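Note sheet for the following structure.
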Amino acid sequence: MEEAGAPHFPFPYQPYPIQEQFMQALYGALEHGKVGIFESPTGTGKSLSLICGALSWLRDHEEKRRQEADRLLQGDVGTSLSISSSLSTTTSSIPPSSSAEPDWITDFVQKKAERDFVSKLKDEELRRKKREDHLEMIRNNSQLKYALKRKSCEDDEAVKLLQLSKDPQEEELNNPEEELIVAEYESDDESKTKNKFCGGDDDDEDDLVEEHVTKIYYCSRTHSQLAQFVHEVQKSPFSQDISLVTLGSRQNMCVNEEVRRLGSVQRINDRCMEMQKNKHDQRPKEVEGAKRKRGVSKAVCPYVGAQGLQTLRDAVLGAVRDIEQLLSLARETRSCPYYATRLAIPPAQLVVLPYQTVLHEGTRRASGVQLKGQVLIIDEAHNLSDVLSCIHSSELTGAQVHTHNNCSLSMCLSRLKAKNLMYIKQILFVVEGLVRVLGGKVGQNPHSQTTQPETELLTINNFLFKAQIDNINLFKVQRYFEKSMISRKLCGFIEKYAGTGVTSHTQTSHTQTQSANKENRRTEGLNRYLQTLQSKSPPGQQGAAEDRELAASPMMQVEGFFMALTNTNTDGRVVLHTQGSVALSSMKFLLLNPAVHFSQVLKDCRAVIIAGGTMQPVSDFKQELLFSAGVGAERIIEFSCGHVIPPENILPIVLCSGPSGQELEFTFQNRDTPRMMEETGRVLSNLCNVVPGGVVCFFPSYDYSRRILEHWEASGVLARLSSKKKIFQEPKKANQVEKVLNEFSRTIQRCAVDGGALSGALLFSVVGGKMSEGINFSDDLGRCIVMVGMPYPNIKSPELKEKMAYLDKNLPHSGGRSPGQALIENLCMKAVNQSIGRAIRHREDYACIVLCDRRYSRPATLAKLPDWIRAHTHTHTSFGPAFAGLRRVIHTHLLNKKYQLALVSFLSILFFDVLRVPLVLIG
């Protein structure tokens, strides 16, 4: 019986008890503004629980706000008191006046504030009703996208949205080269005047098309996971009432075939930005009677008309569509889905987007995503810390920093103003410092300069001192990069004039030549720097295509590295890695404190939900990302549920020794011994003899996988294994994964039907590889998962050593272990949990999990397994009892399957042949 006042959760079917518990906990976390860590194993309906729980809260939240506004506007008893109470939170931060004001002034101010508050409520209510009426009209008229008439002011709204993607906003001049010129830059006046490069101040919310409604942002790792989530929304009871928009990259959402053919992300982005600039830049008005100069015709995108964008935006809001459905509609209406979806963000109630878009501040701002007061759900968040570190790290190679060209930019330099010259000379000075710090010399070919192989770790300050650039204000330089768009302009100039043989001097008059020479002397250092932006490798080292690829984005990489260097000294390190030549050497910024970039997300959002199928272990997660970001323990809640499968459908085993009694401990010292490799082969041979269908064996690394398979081939172990299972290996190339999986699946299905000597297939994979995450080994594809050893990370890695040292210094010690040691253990067990989670994908599924290493039996290690696995784990010091238990479980399920098939056959005969009634099977 439902409790009075308890939230109601619409669901497409009768939910499992754990789903109801999940939704209740989620609703409470959103209502009270918590940071929730939610763990729900794959196969328990996590996505639907997130959808129905979160959207039920959003429905109730909007209803409460609507009722409160109606009550205040209708003038109920106590309205004045309620308004005063509502205003108190706004004025509490204002310090009281030092001198007491007269009562009549206080009363006047209070009444004026109440009138303003009521007026604001009325405006919000009108906008809400208008928005709801508009959405209702869209949903009720399927042909609206072809018939809607747009107001002329909506053209301006589309232009504002396009500005959010940082398109250059300089005026297009008659001279075709002038689009690549950097206009005058004034940094001292940024807060007072509107900067012509970005169309306004970064913090100006007026750039947005309209006010943002309360919404839920849902993000995940890949576009396929986002598409799967949207399909779940379509199956939910909210599919007809929710306005959902899916964001994606230009590469995934572009429908202009001319641009899509460019292939690489960088080229697609650059071409799109160029076409938007050509369309939206305005020519200066011509003076009457003046002679008109003929300009070069420039390509524009035919998919970004304002009316088409608005029509597609309404269609997006009117029905729930995944990216494929959206692209199909966009091609039909000849409208750009990339920009139309960004127009739809403010009125949307559910925004589905990738990690990068929401976790990187610059990308958030460019996409028009506002987190203030909103709900953020981060799914598949087991690697959130690594994702944050990766997004905000940066790497530069010697070839990118120190490239050459013979292209003169004298035409460009003659138009540079003093402020531009000052900043570009600073960029030149810093880049020259980066070249020197790699052991190179400015102006010489990086491929011909040799260096001694060495790895050095430096703090940010020490790196700046070593490069002798500590006197440069990188914050102002970074601001200049953002506002002037110089990286894109210089790359555009190089692309435009690559291989055209532009010379340094043009034929001019004597006076013009003197002026140009004076300008060239003033910009000699700048000219030398700009000439390093295009790649020209020695003959035979790389092809023309590779030259163009390198030239496409060297300044983008430099700009990203500059931004990384603006982090706090203690939050990151710079790794200098020299090898062979300067061109092959690199410098990498390593972010040690991901919380510094996650803290703003936690501060802005009303509530943050961090969800995943296997979130264990969460102790370091809370310390590194939440506590370090200033989140108090009282704001954090944890929820972990069991699996929906019966206990007899899973058998996790910790195997301490093999069939011959050899102890299984795959330490670095003894894992390569012939005895250990032979014993591992015996374990697998015994398992393959009794396990039907598919067996998936995970090795700790690619290197160890190669060595042990080579040993097995020489010793005949592989031949014994192949007599029972067809053997597959994880491919080295990502584009071959699907092919291997399909063949693996077909082999298992064929063996189940034929019943020959082969009982299925054996797949060798690697922890952390292409098949350890996001792959579904359900039913016969994964009846047994074998984990060989413990996949500890390489503790000799300089980056990992620095990370451990940082944690030991900044995080508290607990349980007799340092935070650095805990990091190693947690990285290992997170990888293990992801790999063994590939099996057991639904309620009727069953599998055995064999952990081949006695170290898994340690209580601290067992505690890091997911609760639903740990509760059923059996530790066996000898192989015999473990093998007997596994064989018993397999035999029981095989008998059950045979019994079910026999029962179905009997009932079919009974109903059809005897009673002449067709048999209908349910479930």
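Basis for what follows: all heavy atoms, side chains included, without hydrogens, waters or symmetry-related copies. Owing to the predicted nature of the structure, the values given are computational and were not obtained by experimental measurement.
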Yes or no on side-chain contact (heavy atoms from CB on, under 4.5 Å) for Lys733 and Lys770, after CA distance, side-chain angles and deciding distance?
CA-CA 9 Å; Lys733 295 182 179 179; Lys770 304 173 186 66; 5.8 Å; no
Are Leu762 and Val696 close enough, and set up right, to give a side-chain contact (heavy atoms from CB on, under 4.5 Å), and what steps lead you there?
CA-CA 6 Å; Leu762 171 61; Val696 184; over 6 Å; no
Test Thr892 against Glu648 for side chain to side chain donor-acceptor pair (under 3.5 Å), laying out the working first.
CA-CA 10 Å; Thr892 300; Glu648 61 271 15; over 6 Å; no
What do the steps show when you test Ser745 against Asn742 for side chain to side chain donor-acceptor pair (under 3.5 Å), and what is the final call?
CA-CA 5 Å; Ser745 175; Asn742 288 337; over 6 Å; no
For a side chain to side chain donor-acceptor pair (under 3.5 Å) check, start with the C-alpha distance between Ser40 and Thr44, then their side-chain angles and the critical distance, and finish with the verdict.
CA-CA 7 Å; Ser40 181; Thr44 57; 2.5 Å; yes
For Ile378 and Tyr355, run side-chain contact (heavy atoms from CB on, under 4.5 Å): C-alpha distance rounded to whole Å, both residues' side-chain angles, the deciding distance at 0.1 Å, then the answer.
CA-CA 8 Å; Ile378 306 174; Tyr355 275 175; 3.7 Å; yes
Report the C-alpha distance between Cys848 and Ile653 in whole Å, list the side-chain angles of each, state the deciding distance to 0.1 Å, and finish with yes or no for side-chain contact (heavy atoms from CB on, under 4.5 Å).
CA-CA 8 Å; Cys848 301; Ile653 295 173; 5.8 Å; no
Apply side chain to side chain donor-acceptor pair (under 3.5 Å) to residues Asn252 and Ser249 and explain how you reach the verdict.
CA-CA 5 Å; Asn252 288 94; Ser249 64; 2.8 Å; yes
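Expressed to the nearest 0.5 Å, how far CG of Leu687 lies from NZ of Lys724 amounts to 12.5 Å. For the atom pair Leu721 CG and Phe764 CZ, the distance stands at 5.5 Å (nearest 0.5 Å). Note that the CZ atom of Arg671 and the CE atom of Met790 stand 13.0 Å from one another [nearest 0.5 Å]. Taking OG of Ser586 as the start and NE2 of His577 as the end, the distance is 6.0 Å to the nearest 0.5 Å. Of the inter-residue distances, the one linking Ile610 atom CD1 with Met615 atom CE reads 6.5 Å to the nearest 0.5 angstrom. Here Arg817 contributes atom CZ and Ile824 contributes atom CD1; the two are 10.0 Å apart, rounded to the nearest 0.5 Å.
With hydrogens and angles ignored, the 3.5 Å screen pairs a side-chain donor or acceptor of Arg858 with a backbone N or O of Arg855. A donor-acceptor pair under 3.5 Å is absent between the side-chain atoms of Lys801 and the main chain of Ile795, judged by distance alone. Between the side chain of Ser705 and the backbone N or O of Ser701, no donor-acceptor pair lies under 3.5 Å. The closest donor-acceptor contact from the side chain of Ser394 to the backbone of Phe589 lies at 3.5 Å or more, if one exists at all. Remark: side-chain polar atoms of Asp780 are not paired, donor with acceptor, to backbone N or O of Gly693 under 3.5 angstrom. Side-chain atoms of Asp867 never come within 3.5 Å of backbone atoms of Gly642 as a donor-acceptor pair (strictly under, hydrogens ignored). No donor-acceptor pair under 3.5 Å is formed between the side chain of His891 and the backbone N or O of Arg887. Remark: side-chain polar atoms of Tyr856 are not paired, donor with acceptor, to backbone N or O of Cys656 under 3.5 angstrom. Formation of a donor-acceptor pair under 3.5 Å by the Ser585 side chain with backbone atoms of Gln579 is found in this model. Under a 3.5 Å cut-off, the side chain of Tyr792 and the backbone N or O of Leu827 do not form any donor-acceptor pair.
Side chains of Glu678 and Ser715 form a contact here, defined as non-hydrogen atoms less than 4.5 Å apart. Between Leu353 and Thr246 the shortest side-chain heavy-atom distance does not fall below 4.5 Å. For the pair Glu730 and Tyr702, the minimum side-chain heavy-atom distance is below 4.5 Å. A 4.5 Å side-chain heavy-atom check between Asn826 and Met829 finds every atom pair outside the cut-off. Contact check for Asn686 versus Phe879: side-chain heavy atoms found under the 4.5 Å cut-off. Two residues are said to be in side-chain contact when any heavy atoms from C-beta on lie closer than 4.5 Å; Asp672 and Met677 meet this criterion. With a 4.5 Å cut-off on side-chain heavy atoms, Ile645 and Ile650 count as touching. Under the 4.5 Å side-chain criterion, counting only non-hydrogen atoms from C-beta, Phe698 is not in contact with Val788.
Under the 3.5 Å distance criterion, with hydrogens and angles disregarded, no donor-acceptor pair is assigned to the side chains of Ser47 and Gln228. Using a 3.5 Å distance cut-off with no hydrogens or angles, the side chains of Asn794 and Ser797 do not pair a donor with an acceptor. Between the side chains of Glu380 and Ser220, not a single donor N or O lies within less than 3.5 Å of an accepting N or O. Counted by atom type alone, Lys725 and Ser759 present one or more donor-acceptor pairs between their side chains at under 3.5 Å. Side-chain contact, Thr614 with Gln834: a donor N or O sits under 3.5 Å from an acceptor N or O.
The existence of a salt bridge linking Glu710 and Arg707 is excluded, since no basic side-chain nitrogen approaches an acidic carboxylate oxygen closer than 4.0 Å. The residues Lys803 and Glu624 are annotated as salt-bridged, a charged nitrogen and a carboxylate oxygen being separated by less than 4.0 angstrom. Between Arg854 and Glu665, at least one side-chain N (NZ, or NE/NH1/NH2) sits under 4.0 Å from a carboxylate O, which counts as a salt bridge. Under the 4.0 Å criterion applied to side-chain N and carboxylate O atoms, Glu638 and Lys622 are assigned as salt-bridge partners. The pair Glu743-Lys726 counts as a salt bridge, with a side-chain nitrogen and a carboxylate oxygen less than 4.0 angstrom apart. Looking at Lys46 and Glu232, no side-chain N of the basic residue comes within less than 4.0 Å of a carboxylate O on the acidic one, giving no salt bridge.
For His223 against Gly248, the heavy-atom pair with the smallest separation is CE1-CA, 3.6 Å. Of all heavy-atom pairs between Ser389 and Leu591, the closest is OG-O, 3.8 Å. Closest of all the heavy-atom pairs between Lys864 and Gln616 is O-CB, 3.5 Å. Minimum interatomic distance between Ser878 and Ser657 (heavy atoms only, all atoms of both residues): CA-OG, 3.3 Å. Shown here for Gly694 and Ile748, the closest heavy-atom pair between the two residues is CA-CD1, 3.5 Å. The shortest heavy-atom contact between His876 and Pro881 is ND1-CB, 3.8 Å.
The number of heavy atoms from other shown groups lying within 6.0 Å of CZ (Arg675) does not exceed 12. The environment of Glu713 atom CD is sparse: at most 12 non-hydrogen atoms of other residues, nucleotides or ligands sit within 6.0 angstrom.
By the 6.0 Å and 45° rule, Arg783 stacks over the aromatic ring of Tyr846.
Between Trp868 and His643, the ring-plane angle classifies as tilted under the 30° and 60° cut-offs.
Residues Phe22 and Phe38 bring their aromatic ring centres within 6.0 Å.
Here Lys739 pairs with nothing under the salt bridge (Lys or Arg N to Asp or Glu O under 4.0 Å) rule; sequence neighbours left out.
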